[in-house]
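To start, the structure under review is shown below, and the notes come after it.
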Amino acid sequence: MASMRQEVSAGFTKPGSNCGPRRAQPLADVEAPEVLDFLAARPLHTVFMASLIRDNGVVSNLNRGSFYGCRSNGGALEGVALLGHATLIETESTECIKAFAQLARTHSPGHLIRGEQQKIASFWKYYNGGEHKARLFCGELLLQLKEIPPQIAAVSGLRPATIADLEYIVNVNASMACDESGINPLARDPQGFRERAARRIAKGRIWVWFENQRLLYKTDVVAETPQAIYLEGVYVHPDHRFQGYGLRGISQLAAFLLERTETICLTVNEKATGTQRFYKRAGYELVCRYDSIYLDNSTPSSKPAV
(Lines give C-alpha, C1' and ligand atoms only; values in the text may rest on other atoms or scores of the structure.)
Protein backbone atom coordinates (compact mmCIF):
# COMPACT_ATOMS: atom_id res chain seq x y z
CA MET A 1 0.00 0.00 0.00
CA ALA A 2 1.44 3.36 -1.00
CA SER A 3 0.76 5.03 2.35
CA MET A 4 3.09 2.56 4.08
CA ARG A 5 5.96 3.52 1.85
CA GLN A 6 5.59 7.26 2.32
CA GLU A 7 7.20 9.41 4.99
CA VAL A 8 5.04 10.51 7.89
CA SER A 9 3.38 13.80 7.11
CA ALA A 10 4.70 17.01 8.65
CA GLY A 11 1.45 17.46 10.57
CA PHE A 12 2.08 14.56 12.96
CA THR A 13 2.21 15.89 16.50
CA LYS A 14 5.25 15.33 18.68
CA PRO A 15 4.43 15.96 22.35
CA GLY A 16 7.59 15.89 24.38
CA SER A 17 9.77 15.50 21.28
CA ASN A 18 12.19 18.18 22.52
CA CYS A 19 12.76 16.32 25.79
CA GLY A 20 15.01 13.60 24.44
CA PRO A 21 14.46 9.98 23.43
CA ARG A 22 11.98 7.74 25.20
CA ARG A 23 12.44 4.23 26.54
CA ALA A 24 9.77 1.57 26.48
CA GLN A 25 9.47 -0.36 29.74
CA PRO A 26 7.31 -3.37 30.66
CA LEU A 27 4.12 -2.44 32.48
CA ALA A 28 2.97 -4.23 35.64
CA ASP A 29 -0.42 -5.12 37.05
CA VAL A 30 -0.04 -2.47 39.75
CA GLU A 31 -0.05 0.15 36.98
CA ALA A 32 -3.40 -1.02 35.54
CA PRO A 33 -5.52 1.90 36.88
CA GLU A 34 -3.10 4.44 35.43
CA VAL A 35 -2.90 2.60 32.10
CA LEU A 36 -6.68 2.28 31.80
CA ASP A 37 -7.09 5.98 32.59
CA PHE A 38 -4.58 6.81 29.85
CA LEU A 39 -6.33 4.56 27.32
CA ALA A 40 -9.77 5.95 28.20
CA ALA A 41 -8.86 9.30 26.64
CA ARG A 42 -9.43 7.78 23.15
CA PRO A 43 -11.68 4.77 23.73
CA LEU A 44 -12.45 4.02 20.07
CA HIS A 45 -8.78 3.51 19.29
CA THR A 46 -7.81 1.74 22.51
CA VAL A 47 -10.80 -0.54 23.15
CA PHE A 48 -8.87 -3.72 22.33
CA MET A 49 -5.99 -3.01 24.71
CA ALA A 50 -8.28 -1.70 27.45
CA SER A 51 -10.55 -4.73 27.17
CA LEU A 52 -7.62 -7.13 27.51
CA ILE A 53 -6.43 -5.37 30.66
CA ARG A 54 -9.91 -5.29 32.15
CA ASP A 55 -10.38 -8.99 31.37
CA ASN A 56 -6.94 -10.42 32.14
CA GLY A 57 -4.79 -7.81 33.86
CA VAL A 58 -1.71 -6.14 32.43
CA VAL A 59 0.47 -9.25 32.67
CA SER A 60 -1.22 -12.41 31.37
CA ASN A 61 -0.54 -15.10 28.79
CA LEU A 62 -4.14 -14.61 27.66
CA ASN A 63 -3.12 -11.22 26.24
CA ARG A 64 -0.95 -13.03 23.66
CA GLY A 65 1.68 -10.35 24.12
CA SER A 66 3.19 -7.91 26.62
CA PHE A 67 2.22 -4.36 27.50
CA TYR A 68 4.87 -1.63 27.51
CA GLY A 69 4.76 2.01 28.47
CA CYS A 70 6.71 5.15 27.64
CA ARG A 71 6.98 7.92 30.21
CA SER A 72 8.06 11.54 30.13
CA ASN A 73 11.09 12.73 32.06
CA GLY A 74 8.66 13.64 34.83
CA GLY A 75 7.20 10.14 34.94
CA ALA A 76 3.87 10.81 33.19
CA LEU A 77 2.62 8.06 30.90
CA GLU A 78 2.93 9.19 27.28
CA GLY A 79 2.39 5.95 25.40
CA VAL A 80 1.14 2.37 25.75
CA ALA A 81 1.78 -0.52 23.38
CA LEU A 82 0.85 -4.18 23.14
CA LEU A 83 3.63 -6.14 21.45
CA GLY A 84 2.88 -9.73 20.53
CA HIS A 85 0.55 -11.61 18.22
CA ALA A 86 -1.10 -8.25 17.55
CA THR A 87 0.95 -5.07 17.84
CA LEU A 88 -1.05 -1.99 18.82
CA ILE A 89 0.15 1.42 19.94
CA GLU A 90 -1.45 4.42 21.61
CA THR A 91 0.57 7.62 21.79
CA GLU A 92 0.79 11.09 20.28
CA SER A 93 4.58 11.14 20.65
CA THR A 94 6.86 10.30 17.74
CA GLU A 95 9.60 9.49 20.25
CA CYS A 96 7.34 6.91 21.90
CA ILE A 97 6.47 5.36 18.53
CA LYS A 98 10.17 5.09 17.79
CA ALA A 99 10.85 3.47 21.17
CA PHE A 100 8.05 0.93 20.72
CA ALA A 101 9.17 0.12 17.18
CA GLN A 102 12.78 -0.39 18.19
CA LEU A 103 11.72 -2.68 21.03
CA ALA A 104 9.44 -4.66 18.71
CA ARG A 105 12.36 -5.22 16.34
CA THR A 106 14.20 -7.24 19.01
CA HIS A 107 11.38 -9.78 19.24
CA SER A 108 10.14 -12.42 16.83
CA PRO A 109 7.61 -11.03 14.38
CA GLY A 110 4.01 -11.23 15.45
CA HIS A 111 1.08 -11.66 13.14
CA LEU A 112 -0.42 -8.21 12.76
CA ILE A 113 0.34 -4.51 13.24
CA ARG A 114 -2.80 -2.36 13.21
CA GLY A 115 -3.75 1.23 13.92
CA GLU A 116 -4.39 4.68 12.54
CA GLN A 117 -2.81 5.12 9.15
CA GLN A 118 -0.39 7.89 10.04
CA LYS A 119 0.86 6.26 13.24
CA ILE A 120 1.33 2.89 11.60
CA ALA A 121 3.33 4.53 8.79
CA SER A 122 5.61 6.07 11.43
CA PHE A 123 5.90 2.82 13.39
CA TRP A 124 6.68 0.82 10.25
CA LYS A 125 9.44 3.23 9.26
CA TYR A 126 11.25 2.71 12.56
CA TYR A 127 10.35 -0.97 12.90
CA ASN A 128 11.19 -2.29 9.46
CA GLY A 129 14.78 -1.23 8.84
CA GLY A 130 14.90 -3.60 5.88
CA GLU A 131 14.84 -6.64 8.20
CA HIS A 132 11.15 -7.50 8.43
CA LYS A 133 8.85 -8.34 5.58
CA ALA A 134 5.20 -7.47 5.23
CA ARG A 135 3.16 -10.33 3.82
CA LEU A 136 0.11 -8.17 3.25
CA PHE A 137 -0.86 -4.51 3.56
CA CYS A 138 -4.54 -3.85 4.13
CA GLY A 139 -6.20 -0.44 4.21
CA GLU A 140 -9.29 -0.24 6.39
CA LEU A 141 -11.94 2.21 7.55
CA LEU A 142 -12.85 2.55 11.22
CA LEU A 143 -16.61 2.98 11.56
CA GLN A 144 -18.74 3.76 14.60
CA LEU A 145 -22.37 3.66 15.68
CA LYS A 146 -23.50 5.85 18.60
CA GLU A 147 -27.28 5.66 18.41
CA ILE A 148 -29.65 2.73 18.25
CA PRO A 149 -30.73 2.44 14.59
CA PRO A 150 -34.38 2.48 13.58
CA GLN A 151 -35.96 -0.89 14.19
CA ILE A 152 -35.77 -2.98 11.04
CA ALA A 153 -37.60 -6.11 12.17
CA ALA A 154 -37.21 -7.84 15.49
CA VAL A 155 -34.97 -10.90 15.57
CA SER A 156 -36.34 -13.08 18.31
CA GLY A 157 -33.72 -15.76 17.66
CA LEU A 158 -30.66 -13.57 18.20
CA ARG A 159 -28.92 -14.73 21.39
CA PRO A 160 -25.53 -15.15 23.05
CA ALA A 161 -23.81 -18.30 21.84
CA THR A 162 -23.39 -21.32 24.10
CA ILE A 163 -20.61 -23.85 24.19
CA ALA A 164 -22.85 -26.17 22.15
CA ASP A 165 -22.39 -23.71 19.25
CA LEU A 166 -18.59 -23.85 19.44
CA GLU A 167 -17.85 -25.92 16.33
CA TYR A 168 -20.17 -23.81 14.15
CA ILE A 169 -18.41 -20.67 15.35
CA VAL A 170 -14.88 -22.05 15.07
CA ASN A 171 -15.38 -23.16 11.48
CA VAL A 172 -16.98 -19.89 10.39
CA ASN A 173 -14.39 -17.74 12.15
CA ALA A 174 -11.50 -19.76 10.72
CA SER A 175 -12.86 -19.34 7.21
CA MET A 176 -13.30 -15.59 7.67
CA ALA A 177 -9.81 -15.20 9.17
CA CYS A 178 -8.29 -17.10 6.26
CA ASP A 179 -10.13 -14.92 3.74
CA GLU A 180 -8.83 -11.78 5.46
CA SER A 181 -5.23 -12.69 6.24
CA GLY A 182 -4.47 -15.66 4.03
CA ILE A 183 -3.72 -17.89 7.03
CA ASN A 184 -6.03 -20.57 8.39
CA PRO A 185 -5.84 -20.43 12.22
CA LEU A 186 -7.16 -23.99 12.48
CA ALA A 187 -4.08 -25.17 10.60
CA ARG A 188 -1.67 -23.05 12.64
CA ASP A 189 -3.09 -23.27 16.18
CA PRO A 190 -6.28 -25.36 16.33
CA GLN A 191 -6.33 -25.83 20.11
CA GLY A 192 -5.61 -22.19 20.90
CA PHE A 193 -8.14 -20.97 18.35
CA ARG A 194 -10.88 -23.13 19.87
CA GLU A 195 -9.94 -22.10 23.41
CA ARG A 196 -10.13 -18.41 22.53
CA ALA A 197 -13.56 -18.88 20.95
CA ALA A 198 -14.73 -20.82 24.00
CA ARG A 199 -13.55 -18.06 26.36
CA ARG A 200 -15.40 -15.49 24.26
CA ILE A 201 -18.55 -17.61 24.43
CA ALA A 202 -18.18 -17.90 28.21
CA LYS A 203 -18.08 -14.10 28.45
CA GLY A 204 -21.27 -13.77 26.36
CA ARG A 205 -19.40 -12.05 23.55
CA ILE A 206 -20.49 -14.07 20.55
CA TRP A 207 -24.02 -13.58 19.25
CA VAL A 208 -25.75 -16.06 16.95
CA TRP A 209 -29.01 -16.51 15.13
CA PHE A 210 -29.97 -20.06 14.18
CA GLU A 211 -32.95 -21.32 12.24
CA ASN A 212 -33.54 -25.01 11.52
CA GLN A 213 -30.07 -25.79 12.88
CA ARG A 214 -28.47 -23.46 10.35
CA LEU A 215 -26.30 -20.55 11.48
CA LEU A 216 -27.88 -17.58 9.70
CA TYR A 217 -25.99 -14.76 11.42
CA LYS A 218 -23.05 -14.35 13.82
CA THR A 219 -21.01 -11.50 15.27
CA ASP A 220 -18.14 -11.49 17.77
CA VAL A 221 -17.76 -8.83 20.44
CA VAL A 222 -13.96 -8.86 20.35
CA ALA A 223 -13.42 -6.14 22.94
CA GLU A 224 -15.65 -4.34 25.39
CA THR A 225 -15.38 -1.40 27.77
CA PRO A 226 -18.04 0.94 29.18
CA GLN A 227 -16.99 3.48 26.54
CA ALA A 228 -16.77 1.30 23.43
CA ILE A 229 -17.41 -2.15 21.98
CA TYR A 230 -15.43 -3.48 19.02
CA LEU A 231 -17.03 -6.01 16.66
CA GLU A 232 -15.50 -8.51 14.26
CA GLY A 233 -16.60 -11.61 12.41
CA VAL A 234 -19.95 -10.34 11.14
CA TYR A 235 -21.27 -13.31 9.20
CA VAL A 236 -24.39 -14.16 7.21
CA HIS A 237 -24.91 -17.62 5.76
CA PRO A 238 -24.14 -17.54 2.00
CA ASP A 239 -27.59 -18.83 1.10
CA HIS A 240 -29.25 -15.94 2.94
CA ARG A 241 -27.18 -12.95 1.91
CA PHE A 242 -28.76 -9.86 0.34
CA GLN A 243 -32.09 -10.80 1.95
CA GLY A 244 -31.99 -8.48 4.96
CA TYR A 245 -30.75 -11.00 7.51
CA GLY A 246 -27.47 -9.16 8.09
CA LEU A 247 -29.13 -5.78 8.54
CA ARG A 248 -31.72 -7.21 10.93
CA GLY A 249 -29.07 -9.07 12.91
CA ILE A 250 -26.60 -6.23 13.33
CA SER A 251 -29.36 -3.71 14.10
CA GLN A 252 -30.86 -5.92 16.78
CA LEU A 253 -27.41 -6.53 18.24
CA ALA A 254 -26.69 -2.79 18.31
CA ALA A 255 -29.89 -2.22 20.28
CA PHE A 256 -28.70 -4.74 22.87
CA LEU A 257 -25.10 -3.51 23.08
CA LEU A 258 -25.79 0.24 23.24
CA GLU A 259 -27.60 -0.38 26.50
CA ARG A 260 -24.22 -1.06 28.12
CA THR A 261 -21.71 1.01 26.15
CA GLU A 262 -21.45 4.45 24.54
CA THR A 263 -20.42 3.48 21.03
CA ILE A 264 -19.91 0.45 18.79
CA CYS A 265 -17.03 0.31 16.34
CA LEU A 266 -15.60 -1.99 13.68
CA THR A 267 -13.26 -1.92 10.70
CA VAL A 268 -14.03 -2.69 7.07
CA ASN A 269 -11.68 -3.16 4.13
CA GLU A 270 -11.32 0.09 2.19
CA LYS A 271 -11.94 -1.79 -1.09
CA ALA A 272 -15.12 -3.50 0.11
CA THR A 273 -17.54 -0.86 -1.13
CA GLY A 274 -20.56 -3.14 -0.88
CA THR A 275 -19.80 -3.88 2.77
CA GLN A 276 -19.35 -0.17 3.42
CA ARG A 277 -22.80 0.52 1.98
CA PHE A 278 -24.23 -2.19 4.25
CA TYR A 279 -22.82 -0.55 7.37
CA LYS A 280 -23.98 2.86 6.22
CA ARG A 281 -27.51 1.48 5.99
CA ALA A 282 -27.07 0.16 9.52
CA GLY A 283 -26.18 3.67 10.74
CA TYR A 284 -22.39 3.41 11.00
CA GLU A 285 -20.29 6.49 10.25
CA LEU A 286 -16.65 6.89 9.20
CA VAL A 287 -14.17 7.82 11.95
CA CYS A 288 -10.79 7.55 10.20
CA ARG A 289 -8.55 5.34 8.10
CA TYR A 290 -6.66 2.40 9.57
CA ASP A 291 -3.85 0.27 8.19
CA SER A 292 -3.15 -3.38 8.98
CA ILE A 293 0.21 -5.02 8.23
CA TYR A 294 0.27 -8.81 8.23
CA LEU A 295 3.81 -9.92 8.89
CA ASP A 296 5.96 -12.60 7.31
CA ASN A 297 6.56 -14.85 10.30
CA SER A 298 9.39 -16.63 8.55
CA THR A 299 11.68 -13.67 9.33
CA PRO A 300 14.47 -14.95 11.63
CA SER A 301 15.09 -13.50 15.07
CA SER A 302 17.53 -14.15 17.92
CA LYS A 303 15.05 -13.47 20.73
CA PRO A 304 11.79 -15.08 21.82
CA ALA A 305 8.42 -13.59 21.03
CA VAL A 306 6.67 -11.49 23.63
Side-chain angles (χ1 to χ4, degrees), residues 1-29 31 34-35 38-39 41-42 45-46 48-50 52-53 58-61 63-138 290-306:
M1 180 173 294
S3 63
M4 287 297 163
R5 302 179 181 90
Q6 296 171 348
E7 292 295 318
V8 182
S9 69
F12 192 76
T13 57
K14 300 182 180 182
S17 59
N18 295 324
C19 301
R22 294 289 182 260
R23 292 186 60 192
Q25 299 285 350
L27 292 167
D29 280 325
E31 298 170 282
E34 180 187 14
V35 175
F38 177 84
L39 296 176
R42 294 194 335 129
H45 304 286
T46 62
F48 187 82
M49 288 193 286
L52 285 178
I53 293 172
V58 173
V59 181
S60 172
N61 289 334
N63 294 334
R64 305 181 76 194
S66 299
F67 281 99
Y68 291 86
C70 271
R71 296 184 179 275
S72 68
N73 293 337
L77 197 60
E78 287 190 335
V80 172
L82 173 66
L83 305 181
H85 177 81
T87 293
L88 308 169
I89 58 174
E90 172 58 17
T91 184
E92 295 299 325
S93 164
T94 301
E95 288 297 324
C96 289
I97 291 176
K98 183 177 181 180
F100 290 141
Q102 290 175 340
L103 179 64
R105 288 181 63 185
T106 68
H107 296 79
S108 295
H111 170 66
L112 170 69
I113 300 170
R114 171 176 284 170
E116 295 158 275
Q117 189 176 68
Q118 195 175 53
K119 290 181 182 179
I120 295 305
S122 178
F123 181 92
W124 184 248
K125 179 179 68 174
Y126 294 119
Y127 171 81
N128 187 20
E131 299 178 8
H132 297 283
K133 296 180 181 179
R135 184 171 53 81
L136 176 67
F137 288 103
C138 182
Y290 264 42
D291 275 327
S292 292
I293 306 175
Y294 293 92
L295 298 174
D296 180 357
N297 289 1
S298 65
T299 305
S301 175
S302 61
K303 295 192 177 182
V306 293

Do you know the tightest heavy-atom contact between [X] and [Y]?
X      : Y      : answer
Val59  : Ala28  : CG2-CA, 4.2 Å
Leu77  : Val35  : CD2-CA, 4.1 Å
Ser122 : Thr94  : OG-CG2, 4.4 Å
Asp29  : Val58  : OD1-N, 2.7 Å
Ala101 : Tyr126 : CB-CB, 3.5 Å
Leu112 : Ser292 : CD1-CB, 3.7 Å

Point-to-point distance, once rounded to the nearest 0.5 Å, from [atom1] of [X] to [atom2] of [Y]:
X      : Y      : atom1 : atom2 : value
Cys70  : Gln25  : SG    : CD    : 8.5 Å
Ile293 : Trp124 : CD1   : CH2   : 5.0 Å
Leu39  : His45  : CG    : NE2   : 12.5 Å
His85  : Leu295 : NE2   : CG    : 10.0 Å
Tyr127 : Ile120 : OH    : CD1   : 11.5 Å

Are [X] and [Y] packed together at the side-chain level, in the sense that at least one heavy-atom pair is separated by less than 4.5 angstrom?
X      : Y     : result
Phe100 : Leu88 : no
Asn73  : Arg22 : yes
Val80  : Thr91 : no

How are the rings of Tyr294 and His111 set to each other: parallel, tilted or perpendicular (split at 30° and 60°)?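 Plane angle over 60°, so perpendicular.
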Test log, rule salt bridge (Lys or Arg N to Asp or Glu O under 4.0 Å), inputs Glu78 and Arg71: CA-CA 5 Å; Glu78 287 190 335; Arg71 296 184 179 275; over 6 Å; no
Is Lys119 salt-bridged to Glu116, cutoff N-O under 4.0 Å?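 A salt bridge is present here (some side-chain N lies under 4.0 Å from a carboxylate O).
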Would the distance check show the side chain of Thr87 and the main-chain N or O of Ile113 forming a donor-acceptor pair, the cut-off being under 3.5 Å?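 Pair absent, no side-chain N/O of Thr87 close to backbone of Ile113.
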Is a side-chain donor or acceptor of Thr46 paired with a backbone partner of Met49 at a separation under 3.5 angstrom?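 Absent.
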Apply side-chain contact (heavy atoms from CB on, under 4.5 Å) to the pair Arg42 and Glu92, showing each step before the final yes or no. CA-CA 11 Å; Arg42 294 194 335 129; Glu92 295 299 325; 3.8 Å; yes
Using the test side-chain contact (heavy atoms from CB on, under 4.5 Å), find all partners of Leu52 that sit at least two apart in sequence or belong to another chain.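 For Leu52 the side-chain contact (heavy atoms from CB on, under 4.5 Å) partners, ignoring immediate neighbours, are Phe48, Asn56, Asn63, Phe67, Leu82.
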